[in-house]
Visitor: 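Here it is: the structure, laid out below.
Below, all heavy atoms of this structure are taken into account, side chains as well, without hydrogens, waters or symmetry copies. Order of appearance sets the numbers: ligands from 1, and atoms from 1 within every ligand. Given the structure is predicted, the values throughout are model-derived calculations rather than measurements.
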Amino acid sequence: MSTLWSGRFDSDPNAAVFAFGASFRFDRRLFEDDVIGSLAWAQALATAGVLSKEETAETTAALNQILAKGQADPAWVAGPDEDVHSFVERQLVERIGDTGRRLHTGRSRNEQVSLDLRLFLRRRSISLQVAVRRVIAALVSLAQRCGDAHMPAYTHLRRAQPVLIAHFLLAHAAAMRRDHSRLSAAAAEADALPLGSGAVAGTNYAIDTATLARTLGFSRVVANSIDASADRDFVSTFLHACALTMVHLSRFAEDMVIFSGEEFGFFELSDASATGSSMMPQKKNPDPLELVRGKTGRAIGHLAGWLATMKGLPSGYNKDLQEDKEAVFDADHTVAGSLEAVAIVVEGLTVHTERAEGAAAGLLLATDVADYLVGKGLPFRRAHELVGAMTRRLLAQGRDFESLPLAEWRGYSELFESDVVDRVTTKASVAARRTPQSTHPEAVRDSLRELGDWLKAED
Ligand code: ARG
């Protein structure tokens, strides 16, 4: 197998060392991006006067043929080549001979691989955003179906305060919405044309980088050729976006594993998104959610590993940078698969409102009782203490606030008046919240509306 660099060497590379360094096995995924970049480069060379009109036409036709063939049959994109760039060049030379050998004029694989990866990340970020929106849409539609039904909100995984189930679901949607903008930021970071950087010092040919950038859909050209040859910050940003998306999916998965279990039973997984046990016939296991939680480790690992790879590199391109691709491909694949699994789980969830509301009553209203006393003029610290003592008594008696007749209330404090019976209920508790980010039913409805509008605008 001849390489793109064999001229300088007396002997062939050691087969094992060549195989060790080859990246075609995985960078074949950049095939389309590589050909699209080469098509634009041929045009730039034509404008620069390097390729004649006929050569440009010939090159363009051959590249288009190669692109069509690879798209129609991805398995064809394979062979003994060192990397995808070598593959495309070999195909080109096989078709048009020496004219094909002119395409690499003024260009280095160092900038080519950066270009390919930027193009790849740009389109993948958009696809991942579509997948994030599918999960958000599923949460929104489930939240709509929940109406004003309650569940407990937890802190320290102990019952804290009643909230609307919709509010809980939208909490996860809020985190995923940040993932969505983080993916935009990742795409924006990749949005710079590296071509024109050459191997490290820039190119000698009159390449119109501004036009080339426009042709390839970039809004700007990189600032410095040395930096560009080794800059993979856009990879780190993408991996960070993937890792954090996975962290959020994992936290959602964990909530659902807990809340769909027998002890809680607020939600139930559809049969289609659960699995059984080979031994225990009664089991309905949340495997997809556990796997999402489990796979989060890989995505975090790719980010941490990649930062470690970058930290010791001297300026300019170094082969270490080739390690970026497997991290990116696996992170992308992991997030895409997890988003789809979570979307399917959410789309199939059943909500057991009675169970959730049953858990949201009783002593959860302690803060509301304290707030009631504050409303009657008692300093909050005193109210907290008084309600703490009440709670201790009620716990011992196995009762809750809603079971207290007025006389008993007044036994605890003269400040309790007849309105307390209506004020200390789950419904009153959520209705007493005032801020736009709160669980007040109106605030939740506004959030739902806003999210719905956003989803529509993004589609
Ligand atoms: N396969 C290489 C990579 O992924 C392409 C760039 C190779 N450049 C070089 N000078 N060896 O980074």
Side-chain angles (χ1 to χ4, degrees), residues 1-9 12-38 40-41 70 77-92 101 103-124 190 192-204 216 222 224-239 302 305-333:
M1 178 72 212
S2 80
T3 61
L4 297 179
W5 36 264
S6 51
R8 184 232 175 277
F9 292 87
D12 284 343
N14 174 287
V17 168
F18 180 80
F20 181 66
S23 52
F24 194 27
R25 179 174 52 82
F26 48 88
D27 68 14
R28 51 191 294 284
R29 295 191 54 184
L30 298 175
F31 168 75
E32 267 180 53
D33 307 291
D34 198 72
V35 181
I36 286 165
S38 287
W41 184 248
V77 184
D81 310 82
E82 184 184 9
D83 54 26
V84 67
H85 326 295
S86 314
F87 170 81
V88 172
E89 195 167 319
R90 174 165 67 84
Q91 292 298 333
L92 189 62
R101 293 193 174 88
L103 180 64
H104 209 53
T105 312
R107 183 176 69 166
S108 156
R109 277 186 299 164
N110 298 351
E111 52 185 339
Q112 205 179 340
V113 73
S114 164
L115 172 74
D116 293 2
L117 204 51
R118 287 168 188 269
L119 292 173
F120 175 85
L121 287 184
R122 199 171 63 186
R123 61 192 171 85
R124 286 308 306 160
L193 175 82
L195 294 181
S197 299
V200 68
T203 191
N204 297 9
L216 287 167
V222 296
N224 179 297
S225 64
I226 306 175
D227 174 52
S229 70
D231 170 23
R232 293 293 184 278
D233 290 358
F234 61 94
V235 167
S236 316
T237 302
F238 177 78
L239 292 176
H302 287 313
W306 178 242
L307 292 174
T309 297
M310 294 239 290
K311 78 171 264 296
L313 297 186
S315 296
Y317 178 84
N318 296 274
K319 184 81 167 189
D320 314 45
L321 293 172
Q322 181 166 289
E323 288 293 308
D324 58 1
K325 277 168 285 298
E326 283 172 293
V328 161
F329 297 152
D330 190 69
D332 171 46
H333 180 75

Visitor: Check R28 with D34, please: is the shortest side-chain N to carboxylate O separation under 4.0 Å?
Guide: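 Answer for the salt bridge query: no.
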
Visitor: Going by the rule salt bridge (charged side-chain N to carboxylate O under 4.0 Å, His left out), which residues pair with R122 if we only count those two or more places apart in sequence or in a different chain?
Guide: none

Visitor: Listed by chain and number, what are the side chain to side chain donor-acceptor pair (under 3.5 Å) partners of D27, not counting sequence neighbours?
Guide: S23

Visitor: Measure from the side-chain N and O atoms of S197 to the backbone N and O of V200, and report whether any donor-acceptor pair falls under 3.5 Å.
Guide: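 Checking the backbone N and O of V200 against the side chain of S197, no donor-acceptor pair under 3.5 Å is found.
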
Visitor: How would you list, by chain and number, the residues with a heavy atom under 4.0 angstrom from ligand 1?
Guide: S23, D83, H85, R109, N110, V113, Y317, Q322, K325

Visitor: Taking only residues two or more places apart in sequence, or in another chain, which ones meet R232 in a side chain to side chain donor-acceptor pair (under 3.5 Å)?
Guide: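 Partners of R232 by the side chain to side chain donor-acceptor pair (under 3.5 Å) criterion, ordered by chain and then number, come out as D324.
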
Visitor: Does D81 offer a backbone N or O that forms a donor-acceptor pair with the side chain of D83 under 3.5 Å?
Guide: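 Checked: no pair found.
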
